[in-house]
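Take a look at the structure set out below.
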Amino acid sequence: MKRKFYTLFLFLCVCLVFISVLQVTVNAQDDTSGADDDSDSALHTQQNSKSADAPLTLSTQNKPPAGKITSISAPGGSISPGLISGWVKDPNITKATAHFYLDAPSGSAAFLGSVTANIKRADNTWSGFQFQIPIEKLEDGQVHKVYAYAIDAVPGGGAGTNKAFTNSPMNTTPVQVPTTPVFAIKNVMVAIPTLNSVTLLVNTSRNSDVTVNYGQTTSYGKSVTSTNQLIHKILIPSLSAGSTYHYKITAKATGNPIAVINTVDTTFKTQIPKGTPFTFAVVSDMQSHDWSTVASLVQARNPDLLVTVGDNSDNSGLNKIDRLDYYLDRWQQDVFNYSQKLTNHIASYFVAGNHDYMWINGNWKSLQESSEKYFAQILANPYPSGNPGNYYSFDYGDVHFAVLNTRFGCVDDDQRNWLDQDLAATQQKWKIVLMHIPNVNPSGVSNCLGSSSHSNQARAKALHTVFKNRGVQMAIFGHSHTYQRWVKDGVYYITNTTANPSQQWPAYPMPTNNPGDAGTLPSSIKATGYLIGSVSPAQITLSSYNDSNQKLDEFTLYLSPIPGDLNSDGKVDIFDYNILVSDFGKTGSPGWIRSDIIED
């Protein structure tokens with residue numbers, strides 16, 4: 001009898017404890033009406049964690065849901081644009097759901113999609129979420145707003161109805177999506193002009209179809225299309241030599257008909273025939289700094305060609321990141337954002353410098369293969385077939401330009417042998433070599449002849465021998481961030497200034513043990529600036545300007561006179577004969593020297 005009494009008594013005690021605990025839990029839950037921590041730090045990154053969680057107590061009443069959008073990612077970062085982060089809760093269930101609409105509330109707009117919270121937050125609830133707005137909805141360049149709703153787990157139950165949420169629970173103000181257009185034309189570059197063609201490089205923010213309409217008037221009349229590419233290299237054929245063409249670009253994001261961008265009318269020029277004067281501009285060592293002043297000054301001069309001599313970008317900051325999109329983004333920031341008003345109508349050629357190469361722990365060679373590949377991919381330089389090293393040559397007018405790659409230091413034997421053969425094959429009157437690290441720069445730093453390495457000194461001397469034997473009149477460098485003119489054996493070694501004012505280096509006097517030949521400046525010049533070359537068949541004038549457009553230096557080189565070339569155009573033709581005939585009466589004898597004919 002006593003055993004039955006004790007058993008009944010124990011059972012009643014257990015029941016009373018259970019009822020008390022239940023009442024406390026319900027009261028505590030009723031005191032929390034869905035408010036939550038609004039800080040982004042409350043959102044944990046781990047999803048679907050299997051760690052032991054504290055028991056989640058659900059409400060026995062139909063309480064309304066709530067939620068908040070904590071952020072929407074903007075274009076241009078490492079996170080996909082239009083990614084919504086936030087939290088949503090319903091006291092009646094463990095994981096609540098949110099619905100999303102674009103530009104209008106529920107019932108007035110198309111349904112974007114939904115997400116069920118599945119990210120564990122600091123309060124130990126599975127209330128965090130991320131939802132990606134379909135990118136094609138954002139690529140029209142318009143301003144958009146997101147309407148979000150916390151979905152009630154028990155619909156139609158009085159207080160338990162779907163609730164709009166944004167910056168705080170129950171707030172019905174929609175969240176504005178970042179307004180920068182996701183789809184964009186990021187870079188346009190005129191490249192590789194020949195007598196009958198031009199290449200246009202067009203880089204878009206995502207894969208696209210690009211159509212170029214072109215012609216000699218703004219009516220255009222012809223077009224060419226490239227499809228489903230991120231970086232388009234479009235050959236425009238069947239053009240006339242020395243002519244100006246108008247063009248306009250239409251870019252459409254692949255698979256998205258609403259993402260369309262049209263450029264304004266712009267022009268490009270084809271290769272000029274030999275014997276035609278032209279100008280070229282040289283910039284260098286922009287790296288990761290603002291060079292807009294120099295870019296504007298060069299634009300005002302409107303040269304026919306733009307060439308760089310290295311350190312265009314500063315990819316040394318890309319430590320251990322071996323990806324084309326990172327490399328391209330860095331060039332967009334450092335180069336293309338400043339050069340667009342130049343390269344979209346001026347034929348442009350780029351030389352590689354040491355800072356144009358990615359590196360790991362101070363070693364530029366660590367990502368050599370990727371750097372070579374990315375440099376070639378994002379530009380449209382005329383590389384010889386089978387040449388992976390980013391060195392090349394091209395002709396423009398009467399000049400043969402040869403580009404060497406000194407990204408790791410002095411020119412190696414392979415490049416030197418290639419250059420020797422390349423220069424031997426050209427028939428151009430003028431020969432100019434472009435490279436980054438100076439072969440010879442006695443008053444500066446980081447040059448091969450002044451290196452402590454005997455092998456580098458030997459390479460510098462061997463390269464100078466090629467210059468001298470193959471008739472190179474001028475070699476232009478960057479790297480030293482000062483202007484210098486040094487002459488040896490008829491070769492003018494020119495070191496360009498830097499294009500950004502924060503990177504000026506001190507001037508150095510010319511050492512007495514290596515003074516150079518006549519025409520050498522006594523010291524280098526500290527400045528920010530650029531070069532302008534003016535070319536005619538018989539002479540080249542090179543001028544150095546600072547970023548106030550003041551002339552720092554200027555010199556002129558002349559070709560050796562050709563017998564019978566009376567008008568100094570580098571050839572003997574009918575025009576020389578006309579001079580001979582028209583001026584014969586002035587001297588009474590048919591002289592063959594220009595002064596015999598035209599002087600009274």
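- At a threshold of 4.5 Å between non-hydrogen side-chain atoms, the residues Phe350 and Phe375 count as touching.
- Under the 30°/60° scheme for interplanar angles, the aromatic rings of Tyr530 and Tyr545 are found to lie parallel.
- Between Tyr349 and Phe394, the angle of the ring planes stays under 30°, which puts this pair in the parallel group of the 30/60° scheme.
- Side chains of His246 and Phe268 form no contact here, defined as non-hydrogen atoms less than 4.5 Å apart.
- A salt bridge is absent between Asp265 and Lys248: the closest approach of a Lys/Arg side-chain nitrogen to an acidic carboxylate oxygen does not fall below 4.0 angstrom.
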Hey, mind stepping through Arg485 and Thr495 against side chain to side chain contact (heavy atoms under 4.5 Å, CB included) and telling me if it holds?
CA-CA 7 Å; Arg485 168 156 55 102; Thr495 304; over 6 Å; no

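- Judged by a 6.0 Å distance limit and a 45° cone about the ring axis, Arg330 is not positioned over the six-membered ring of Tyr374.
- With no hydrogens or angles considered, no side-chain donor-acceptor pair links Asn469 and Thr465 at under 3.5 Å.
- When the salt bridge (charged side-chain N to carboxylate O under 4.0 Å, His left out) test is applied to Lys233, no partner is found at least two apart in sequence or on another chain.
- Contact check for Ile272 versus Asp304: no side-chain heavy atoms found under the 4.5 Å cut-off.
- Once rounded to the nearest 0.5 Å, the distance linking CG of Leu463 with CG of Asp420 reads 10.0 Å.
- Looking only at side-chain heavy atoms (C-beta outward), Asn187 and Trp331 stay at 4.5 Å or farther from each other.
- Between Lys431 and Asp398 no salt bridge is recorded (no basic side-chain N to carboxylate O distance below 4.0 Å).
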